[in-house]
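Data block below; observations after.
Owing to the predicted nature of the structure, the values given are computational and were not obtained by experimental measurement.
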Amino acid sequence: MSTEEKSLHFIEQIVEENLSNGFPQDNLRFRFPPEPNGYLHIGHAKSICLQFGLGLRYNAPVNLRFDDTNPAKEEQEYVDAIKEDLQWLGFQWAEERYASDYFQQLYDWAVLMIKKGKAYIDSQSSEDMAIQKGTPTQPGVDGPYRNRSIDENLALFEGMKNGDFPEGSHVLRAKIDMKSTNMLMRDPLMYRILHRHHHRTGNDWKIYPMYDFAHGESDYIEQVSHSICTLEFVMHKELYNWFLDQIYDDNKVRPHQYEFARLNLNYTVMSKRKLLQLVQENIVNGWDDPRMPTISGLRRRGYTANSIRKFCEIIGVAKRENVIDYSLLEFCLREDLNKTAPRVMAVLDPVKVVITNYPEGKEESLEAENNQEDEAAGYRQVPFSRELYIEREDFLEEAPAKFFRLSLGNEVRLKNAYIIKGESVVKDADGNITEIHVSYDEDSRSGSGSEASQRKVAGTLHWVSIAHAVKAEVRLYDRLFIDEAPDSHKEKNFLDFMNKNSLQTVVGYMEPSLAAANPEDKFQFQRLGYFNVDKASTSTNLVFNKTVGLKDAWEEKGKKEANLLMATQKEINKYVKEKDENAAQNILLSIITNIKSIDNYSLINQTIVKNVKNDNNALLFAQLILQNSDKITANDIDADSLTKLFNMSLKSQLAAVRILGLENLKSENINLKDFKTQILEMIEKEKNEKVLALLDTITL
């Protein structure tokens, strides 16, 4: 195998093998088949890049086909958004097709199947059909309408088509095998009655084909050679082929289904149903909210098409499911924006700086490099004056050893400008700093070549001249969820993991060059991150969205929380050994404060489970977390671990563990009768007064 062949992903290898076995390259045809029932998300981007990438590699047509078979959920808005997303990503389809284009052909094929005895009208309720269908371990049984006559089936089907029956009264089912080990082959639905307006066919149809029937037949009509889908459709392949068997003509290309692993991304949800819920409940501001994983949301936030395509290229195409870290997507974005985004200065949490020895009324224009990564980007002029804004966090009156910003008595450089030294501060009645007074070294101007300009100082700060600053609304977006897998916890609602700080809005002050910025323009706010101009921005009301920080803050936060929990657990030993009651109480308060500061639900849950062991200190730590964390309840812990935790805690030699165990049993809505035996033993043997007092409050 050549080096090039080794680099092919498995779908490309299949195509290559087909071609080498004589399949004509001219017959290669692919399609991207979205259902227009929601906006495309980052998971779809992987499929888009795969399908259109194959088209580009093999110079083969790729159709855009909307599988619009369910008018109850589909809208023209979604069609338009999908087309816009595809074009923004840089792809162009060969033909725009719709499953609804084929409604008459699909109906004719269904009639033909009825005539061949391969389909029948079932008039059972959906509940009865579900019972009759059996279970994965129990075969189904024939329903009461399975052997209706062909004439009766044809008459009923025509009546369904004409709108003679209400929704739910009849369905058309394929007649396959009610004992099949594949549940999908147990007489699956082909048509249902829907008296709904279709966004393309209007009210022409009263019945609509099911996805499994329409999808493969549409592939066949379009002569798609390779029908590529995600792994959840593996079990559908047998049905896909069965439907094709009913209509296949040897003189035409027969589509073949191939499955690949879909994109699973942490810290988000990919279900269109759940994304729709976020929109409908106004948890986000529409499908293109910059916190959404939709392509339109990512675009509005400031993502580039190139970064998304690069991300899809890096994660590759595989047969096995895995979860991709959101930080990889952000890395691809930073890599792209770093090369293209102009550097500018903006201050988002301003404090006033007055250069006391700079002449009043003087202004000057300083040269600033637009992008050091792009020589062609050139330079711009930035105004400088006596009064400036800097970030409030860039100043401390008394700085610790490793504080490399401005403080009293210390020097820093102002980016593209001068070296300044902190001299004094002005405070309001509450003690808040309102002004920082500094002096500057006139000979230290950046780029002047003077000896003073080359002097090394602790750090460099960005700034904005107050007299020239442009005010703007800045939306600080963050991840929408605080948990890595918000929809993977059966005992929790994914909405329980919403990040309450996913959007914060502040007033920022920009250098004047940004006054002319247009929607979707992208910038690096130096030392702050990458930002873009929101589509709602106007010349009189600038609006910027934070796209991504300069560093992966979430990775740092995750490490900090994990390290904090480990350090906190070590404090348990100190607390238990401390004999001074006041000192012990201070240690306990510190432990509780640390526990309350942890946001990562999975980390908290895992920590509790890991500490369910015959160790007094470990049990104490687990019970303290359960009592003091607002991110978890007893019902969130798996039943076996929870039972072990309380069994061990109630028998612990440490009174503090027994007390916490009893308190949590009472407050966590746990069935006390499950621990009746242990509690009765405690009542009989307990000697600690505090524990006895608690036991007196428990009613079994």
Taking every non-hydrogen atom, the tightest pair across A214 and S218: O-OG, 2.6 Å

Pair E259 + K237: basic N to acidic O under 4.0 Å: yes

Salt bridge present between E222 and R65 (N-O < 4.0 angstrom): yes

Centroid separation Y78 to H199 less than 6.0 Å: no

With sequence neighbours excluded, residues passing side chain to side chain donor-acceptor pair (under 3.5 Å) with S502: R291

R300 with D534: basic N within carboxylate O range, under 4.0 Å: yes

Ion pair K83/E96, N-O distance below 4.0 Å: yes

Member of L542, N545, D521 meeting the side-chain contact (heavy atoms from CB on, under 4.5 Å) criterion with S537: L542

Polar side chain donor-acceptor pair, N605 to S602, under 3.5 angstrom: no

Note: E556-K559 ion pair, threshold 4.0 Å (strictly below): no

H215 ring center near Y211 ring center (under 6.0 Å): yes

F544 and F525 aromatic centres sub-6.0 Å: yes

Test of ring centre spacing under 6.0 Å for F260 and H9: no

Aromatic ring proximity, centroids under 6.0 angstrom, W554 and Y326: no

Residues forming a salt bridge (Lys or Arg N to Asp or Glu O under 4.0 Å) with D483, sequence neighbours excluded: none

Any side-chain heavy-atom pair of S271 and Q277 under 4.5 Å: no

Ring centres under 6.0 angstrom apart (Y98, F66): yes

Side-chain heavy atoms of E84 within contact of D80, under 4.5 Å: no

Salt bridge flag under 4.0 Å for residues R200 and E74: no

K631 with D599: basic N within carboxylate O range, under 4.0 Å: yes

